There are 2 protein chains.
Amino acid sequence: MERLPDVGVLTFAGGMRPRNYAANPLEYRANSHFMYLTGASIPDAVLWMRAGRSELFIDVPDEDDALWHGPSLGTEALRARLGVDAVQPMEHLQAALDSAGDFDRIASLPTPDPQTRQRQASLLMRRGWSPTDFETDPESVDRTLALAMVEARLIHDEGAVECLRRAAEGTAAAHLAGMRATRPGLTEHAVRGAMEGAILSAGMVTSYPPIVTTRGEILHNNLHHHTMKDNDLMLADVGAEFEGWAGDVTRTWPVSGTFTPTQRAIVDLVLEAQLKAIDMVRPGVRYRDIHLESARVLTQGLVDEGILRGEVDNLVERGAHALLFPHGVGHIIGLDVHDMEDLGDLAGYESGRSRAEQFGLGYLRLDRDLRPGMMVTIEPGFYIVPAILDDPKIAGPFVDDKTLDRGALARFEDVRGVRIEDDVLCTEGAPEVLTASIPKAAAEVEAVVQGR
Amino acid sequence: MERLPDVGVLTFAGGMRPRNYAANPLEYRANSHFMYLTGASIPDAVLWMRAGRSELFIDVPDEDDALWHGPSLGTEALRARLGVDAVQPMEHLQAALDSAGDFDRIASLPTPDPQTRQRQASLLMRRGWSPTDFETDPESVDRTLALAMVEARLIHDEGAVECLRRAAEGTAAAHLAGMRATRPGLTEHAVRGAMEGAILSAGMVTSYPPIVTTRGEILHNNLHHHTMKDNDLMLADVGAEFEGWAGDVTRTWPVSGTFTPTQRAIVDLVLEAQLKAIDMVRPGVRYRDIHLESARVLTQGLVDEGILRGEVDNLVERGAHALLFPHGVGHIIGLDVHDMEDLGDLAGYESGRSRAEQFGLGYLRLDRDLRPGMMVTIEPGFYIVPAILDDPKIAGPFVDDKTLDRGALARFEDVRGVRIEDDVLCTEGAPEVLTASIPKAAAEVEAVVQGR
């Protein structure tokens, strides 16, 4: 608010999303900006901030609401709990906006929920303001407001870190449950059910659609119908969310309880790249350099295995590693698993930096110099993706000049996909891995699966 | 389509719902009308039916989609699988509509998803038709189309019953897991996690937000934070959904493994009312009579316990039972847990019948004469709801004339809320309880909890 002295700021929680009909909603989750500013998750609530004052507008329950939903917190109790200056019924919101005549303008951040966007538009248009929609028009967003939110949310305070630690605990419970539920002959569903069950049992929810798959080479795979077989790897990318704060962890373990030699070689390599990258999560380090360093470690390993040919620095510069490690090494994490991705690259990319054109590097979601209090994921991987390796535009040049040896790669066909991911807090000193308790080295995950 | 010879019918699957930002969606679930007509769940797809022909319009995956999501089924394979006449890219939809000039009109059912509603509106308005929105304007819905859908979906064919049986199996696994996960000292979350975990492990999802609570008197209670105590009852209203088809079951069990005598008395009474009602699920029986009969059984029991005073038929006529059993005895179930509730009472109430004014009976969702192939829930209950019993308008008259003895009721304060619910198929002969395998009588549920 100090940065926006002449601006009123409207923040929308967003509404319930119907599943198949209005009275059967999907699990409610408020907009992250609203949660950050209020600490609450109240369907359809609106926060109005102006001149150092904050007022929360809510739908006051109907008279017969207590009959079905039990007694609700009164507005005064809610005000005291959240620390806002006032809690008012929604009917008063328009009048509050209309009386804000001294302000230059009213600013509002995007909301992904179309019903709320309509409401936002109709509230603002009565005053002659127009709503902002980052997805359709990134330039329409109030950049001062957006950057103020980015600055606030980028650096996690003690309270935020405490919540992120709890999310990490729920995430750890899920991964242990998943490893223990893995059995050849069952479907992937059994592992997914065990993992989400553990998260719900801890009083949390999943922070994103879980990936629990023996087809790890399909990067965004939300199907879980394959039967697990003895030589399969299980790749599980699953995170818990505690009071809005996200965890995001990937582990890869052998269905049989023992990696094959080729699987073991790649898992060890990906882990080496991950540990090297984690160690670089320190103040002042540019995140893109962490990405490139993890790419170099992977590339050295792939050269040693005969899969790639050439000089490591040159291969990474040309993006050869992206044939097998196409995504970025990670992203910021906070109230969103990809924190503030609703603001495009405003949060992920420092002013003056932008996405690369190169295949691979162009998918990197974060390019900032790290500061204490930032939290990032570190998640290198290795994948044999036919759609990449068979693409003449992407892989063609590397096949033509014999940089990529598909024969050597064929020996690793039982690997499919491997990713190892942790949530790492940048501190004044050494990086703190919030998800460190989750088994990760090959021998550790083998021991858990074997002990099932 | 036979009923709508001069009408083109557009049916929308509906879009993904963003959770906190667009790329992090909630679990996708297509609109039930779309699922009924296509057997598929494809985000943003549109089914166009006219003159005996059906064409499905889909967003064809982007070129780099295979990179992230793996190979997708081609349009011809999709056409063959679904049995539609054609599968076409979405870009051709407007042209298809524009060429439908021979038709009197285009009809479309409501969709609860606002983004899809906008799309529906813009597609129809180019032709001068206006969209329908049942929630804001029930009269705007094409009644011929709506009633044709109701007629089709009301009577389940063998394929539908097979899916409903699978949903019942997933629901059964959940309730057994929940009983076994119940422990004094844990929170309700532990039971919820075990139940949803079992559903996900079976490759299904929940068909509605689960109620898993030791505060059963709060009818729509989606909180799970209470610690379970020895004398608590656990009320779990949880259902699985198999390929879109819903299960919906409630069981009430003792946290300790043994009901107290007062809990046992009420559980036995609710079960008696439920069994009596289930036996009435036969062709030609009016569902409201089933509701009233279950109310009579409950009322007789409450008179026997001294909680109500008076003559049973007269008490039920006056609605005295609704002080402790305020909701209806059940509803139709199919692709929606409250099937076709998006059409208001068009599905639940036979033409010429409408909701009663009386407290209690007014909440009854179904008043049709039953026919073979209809599936309903039967779910009587007993609840001590302060917001009802302290309401001078609702309870006042019954307190004043001493119909309700609050002193006698106080002896049952450890009951809070009890509900027993099954999914029952009306057949030519005796009713078939699809969820019959789930323990329900007091001694049965005690045995499962004690065996944890």
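Just so we're on the same page: letters track the sequence lines, and every chain starts at 1. This is a predicted model, so every value here is computed, not measured.
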Based on non-hydrogen pairs under 4.5 Å, which of [options] is most in contact with chain A?
options                                   : value
Ala66(B), Pro71(B), Pro209(B)             : Pro209(B)
Ala387(B), Gly244(B), Pro18(B)            : Pro18(B)
His69(B), Glu196(B), Glu27(B)             : His69(B)
Ala23(B), Ala190(B), Ala202(B), Gly70(B)  : Ala190(B)
Ala181(B), Ser207(B), Ala177(B), Gly14(B) : Ser207(B)

Euclidean distance, Asn24(A) CG relative to Asp342(B) CG, rounded to 0.5 Å: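 Answer for the CG-CG pair, Asp342(B) versus Asn24(A), is 11.0 Å.
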Point-to-point distance, once rounded to the nearest 0.5 Å, from CD1 of Ile42(A) to CG of Leu73(A):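 Taking CD1 in Ile42(A) and CG in Leu73(A), the distance rounds to 9.0 Å.
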Given that the side chain runs from C-beta out, which part of [X] has a heavy atom under 4.5 Å from chain B: side chain, backbone, both or neither?
X         : value
Leu67(A)  : both
Val212(A) : neither
Tyr363(A) : side chain
Val337(A) : both
Pro25(A)  : both
His338(A) : both
Leu335(A) : backbone
Ala194(A) : backbone

Check whether any side-chain heavy atom of [X] sits under 4.5 Å from a side-chain heavy atom of [Y], and report yes or no.
X         : Y         : answer
Thr213(A) : Asn222(A) : no
Thr214(A) : Arg416(A) : no
Met340(A) : Leu346(A) : no
Val238(B) : Ile211(B) : no
Thr11(A)  : Tyr36(A)  : no

Does the side chain of [X] come under 3.5 Å of the side chain of [Y] through a donor N or O and an acceptor N or O?
X         : Y         : answer
Asp336(B) : Ser32(B)  : yes
Arg365(A) : His327(A) : no
Arg419(B) : Tyr383(B) : yes

Heavy-atom pairs under 4.5 Å with chain B, option from Ala198(A), Gly197(A), Gly193(A) with the top count: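 Top option by heavy-atom pairs under 4.5 Å: Gly193(A).
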Chain B contacts, top residue of Arg192(A), Arg19(A), Arg29(A) (heavy-atom pairs, under 4.5 Å):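 That would be Arg19(A).
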salt_bridge(Glu243(B), Arg166(B)) N-O dist < 4.0 Å: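 Salt bridge between Glu243(B) and Arg166(B), a charged N being under 4.0 Å from a carboxylate O: no.
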Phe34(B) versus chain A, the contacting section by heavy-atom distance below 4.5 Å: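 Neither; nothing under 4.5 Å.
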His220(B), part contacting chain A, at a heavy-atom distance under 4.5 Å: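 It is both, since atoms from each part get that close.
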